[in-house]
Amino acid sequence: MSTSLPDIPGRFGVLGSPSWMMGRMSAGVPVLEIGGSHVTAAVVSPAGWDIEVVERAKVDSQRSADEIVAQLVAAAKQLPLASGLAVALPGPFDFATGIAWYRGVEKFDSLYGHDLGKSLRELLELDRVVFLNDAEAFSVGEWTAGELLGLDRCVGVTIGTGIGTGFLDDGRAVRTGDTVPPGGELYKVSHDGRPLEDWISARAILRLYFDRVGAEESAIGVKEIAERARGGEAVALEVLLDAFGVLSRALVPWLSRFGATRVVLGGSISGAFDIVSSVFPFDVAATRDTEHSALIGAAAHYVRSTGGN
């Protein structure tokens with residue numbers, strides 16, 4: 001299926017591309033967006049940031065390293081590959097070298113120490129594979145053609161099973177220095193003596209909700225809690241306001257240090273934004289499509305990193 005984002009005026013015109021994004025990649029950048037249970041293969045056109053999703057397949061992240069690599073290769077082979085491939089995926093991962101360091105995260109553990117970059121290059125006969133953290137890819141995509149379009153300093157935050165962040169300076173992720181959290185990753189910050197993800201994540205919200213209603217439900221997620229809040233349930237509303245309030249308080253000092261002028265929220269839980277927007281004392285918006293932004297961001301990073309070659 002082919003999709004196109006609506007016209008957005010900004011620094012580069014109407015979804016226009018700066019000169020470094022044009023040239024030989026104008027025909028499209030092949031991209032894989034990898035999650036814990038899926039892989040999306042798409043072609044992204046830098047000329048207008050149109051996205052053609054070629055395949056979205058399930059990935060069994062509990063299989064052996066060879067089996068996981070085979071699943072990714074099968075998806076990539078659906079794309080019109082030339083010399084390179086852009087890949088957005090979660091950490092822990094060495095994005096510069098292409099080596100996976102997953103351990104104890106309940107996904108891709110068999111890839112620990114595996115040179116995924118080498119495997120993909122050899123099996124797909126490519127010159128280069130460019131990796132980017134999925135949350136940073138989302139943020140770069142929003143900076144390229146979304147809610148953060150062309151801003152000097154801004155932040156993208158993905159909220160789902162955990163917290164992902166991208167602190168951007170002119171569209172490039174900043175991971176070092178005292179103006180960003182360690183590694184540029186907000187999840188490493190604690191709140192009231194506990195990891196941030198103990199307060200704001202899918203599991204944290206569900207746990208808080210069950211504690212307050214005094215019972216657990218098996219077939220419920222954050223989406224259902226948000227629907228109950230919209231329907232007038234006080235406990236559901238309080239839980240969401242409390243959880244996102246913690247996120248807001250965790251972000252405020254870092255936004256100040258970094259000099260960020262806007263934040264965009266993505267991920268599966270960002271759909272509750274209409275309920276919790278009042279807790280944020282800074283300029284913030286919710287994405288229109290997390291996956292599409294990640295695809296655009298991975299493509300933009302590839303072109304910027306390689307000069308379009």
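Values below: every heavy atom of this structure, side chains too, minus hydrogens, waters and symmetry copies. Because the structure is predicted, anything quoted here is derived from the model rather than measured. Each residue takes its place number in the sequence, starting with 1.
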With heavy-atom distances below 4.5 Å as the criterion, would you say the side chains of F167 and T179 are in contact? no
Looking at every non-hydrogen atom in both residues, tell me the closest pair between A299 and V29 and how far apart they are. CB-CB, 3.9 Å
Test side-chain contact (heavy atoms from CB on, under 4.5 Å) on E136 and H301; report intermediate values, then the result. CA-CA 10 Å; E136 291 180 351; H301 175 70; over 6 Å; no
Tell me which one of D127, L72, V31, L124 satisfies side chain to side chain contact (heavy atoms under 4.5 Å, CB included) with L85. L124
Show the nearest heavy-atom pair for residues S110 and A65, with the distance to one decimal. OG-N, 3.2 Å
Taking the side chain as every heavy atom from C-beta outward, state whether R128 and S83 have any atom pair closer than 4.5 Å. yes
Atom CD of E55 and atom NE2 of H38: how far apart are they, to the nearest 0.5 Å? 12.0 Å
Looking only at heavy atoms, what is the nearest atom pair of V264 and A286, with distance? CG2-C, 4.1 Å
Would you check if E217 and E224 make a side-chain contact, meaning some heavy-atom pair closer than 4.5 Å? no
Interatomic spacing from NZ in K223 to OG in S268 - rounded to 0.5 Å: 11.0 Å
Compile the donor-acceptor pairs under 3.5 Å between side chains in residues 234-242 and protein atoms, sequence neighbours left out, one pair per line.
unit_1 : atom_1 : unit_2 : atom_2 : d
D242   : OD2    : R212   : NH1    : 2.7
D242   : OD2    : R212   : NH2    : 2.8

Side-chain contact test, heavy atoms from C-beta onward, threshold under 4.5 Å: evaluate it for Q71 versus K58 and give yes or no. no
Shortest non-hydrogen contact between G84 and P30, atoms and distance: O-CG, 3.2 Å
With hydrophobic residues grouped by side-chain heavy-atom distances under 4.5 Å, do L111 and W101 end up in a single group? no
Identify whether the distance between the nearest side-chain nitrogen and carboxylate oxygen of D274 and R230 falls below 4.0 Å. yes
Between R304 and D170, is a salt bridge (Lys or Arg N to Asp or Glu O under 4.0 Å) present by the stated rule, with each step listed? CA-CA 12 Å; R304 203 175 203 186; D170 192 30; 3.5 Å; yes
Is it the case that the side chain of S256 and the backbone of V252 share a donor-acceptor pair, with hydrogens and angles ignored and the cut-off at 3.5 Å? no
Could you check whether the rings of F108 and Y102 sit parallel, tilted or perpendicular, using 30° and 60° as the cut-offs? tilted
Counting only heavy atoms not in R153, do more than 12 sit closer than 6.0 Å to its CZ atom? yes
Check against side-chain contact (heavy atoms from CB on, under 4.5 Å), I200 and I159: CA-CA 8 Å; I200 174 69; I159 318 161; 3.9 Å; yes
Between the CD1 atom in I225 and the CZ atom in F210, the distance rounded to the nearest 0.5 Å is 6.5 Å
Approximate separation, where rounding is to 0.5 Å, of L168 CG and W143 CH2: 8.5 Å
Starting from L196, can I reach V157 by hopping between I/L/V/M/F/W/Y residues whose side chains sit under 4.5 Å apart? yes
Are side-chain heavy atoms of S248 and F282 found at a separation under 4.5 Å? yes
Between E233 and Y209, is a side chain to side chain donor-acceptor pair (under 3.5 Å) present by the stated rule, with each step listed? CA-CA 11 Å; E233 185 184 304; Y209 181 75; 2.6 Å; yes
Worked check of side-chain contact (heavy atoms from CB on, under 4.5 Å) between L126 and L81: CA-CA 8 Å; L126 298 174; L81 299 172; 4.1 Å; yes
Within the distance-only criterion (no hydrogens, no angle test), does the side chain of T290 pair as donor or acceptor with the backbone N or O of G267 below 3.5 angstrom? yes
Between V155 and L151, is there shared hydrophobic-cluster membership here, with clusters defined by ILVMFWY side-chain heavy atoms closer than 4.5 Å? no
V69 vs H114 side-chain heavy atoms within contact, under 4.5 Å: yes
Rounded to the nearest 0.5 Å, how far does CG of D115 lie from CZ of R121? 6.0 Å
L148 to G156 - nearest heavy-atom pair and separation: CD1-N, 4.3 Å
Say whether, by atom type as modelled, one donor and one acceptor occur between the side chain of D109 and the main chain of G104 under 3.5 angstrom. yes
List the atom of A42, the atom of I51, and the distance in Å for their closest heavy-atom pair. CB-CG2, 4.1 Å
When you measure from the side chain of W199 to the backbone N and O of H191, does any donor-acceptor pair fall under 3.5 Å? yes
Hey, are the side chains of E142 and R262 touching, using non-hydrogen atoms and a 4.5 Å cut-off? no
Identify whether L247 and V222 are in the same connected component of the hydrophobic contact network (ILVMFWY, side-chain heavy atoms under 4.5 Å). yes
Taking the side chain as every heavy atom from C-beta outward, state whether L265 and E147 have any pair of such atoms under 4.5 Å apart. no
Scan the side chains in residues 86-96 for donor-acceptor partners under 3.5 Å anywhere in the protein, sequence neighbours excluded, and list what turns up.
unit_1 : atom_1 : unit_2 : atom_2 : d
D94    : OD1    : A96    : N      : 3.1
D94    : OD1    : T97    : N      : 3.1
D94    : OD1    : T97    : OG1    : 3.3
D94    : OD2    : T97    : OG1    : 3.3

To the closest 0.5 Å, what do you measure between CG (D169) and CZ (F258)? 5.5 Å
According to a hydrophobic-cluster definition based on side-chain heavy atoms being under 4.5 Å apart (Ile, Leu, Val, Met, Phe, Trp, Tyr only), do V130 and L295 belong together? yes
Run the side-chain contact (heavy atoms from CB on, under 4.5 Å) test on F280 and F244 for me, step by step, so that the C-alpha distance in whole Å, both residues' side-chain angles and the decisive distance to 0.1 Å come before the verdict. CA-CA 8 Å; F280 298 104; F244 279 86; 3.9 Å; yes
Got a sec, which residues hit salt bridge (charged side-chain N to carboxylate O under 4.0 Å, His left out) with K188, two or more places apart in sequence or on another chain? E185
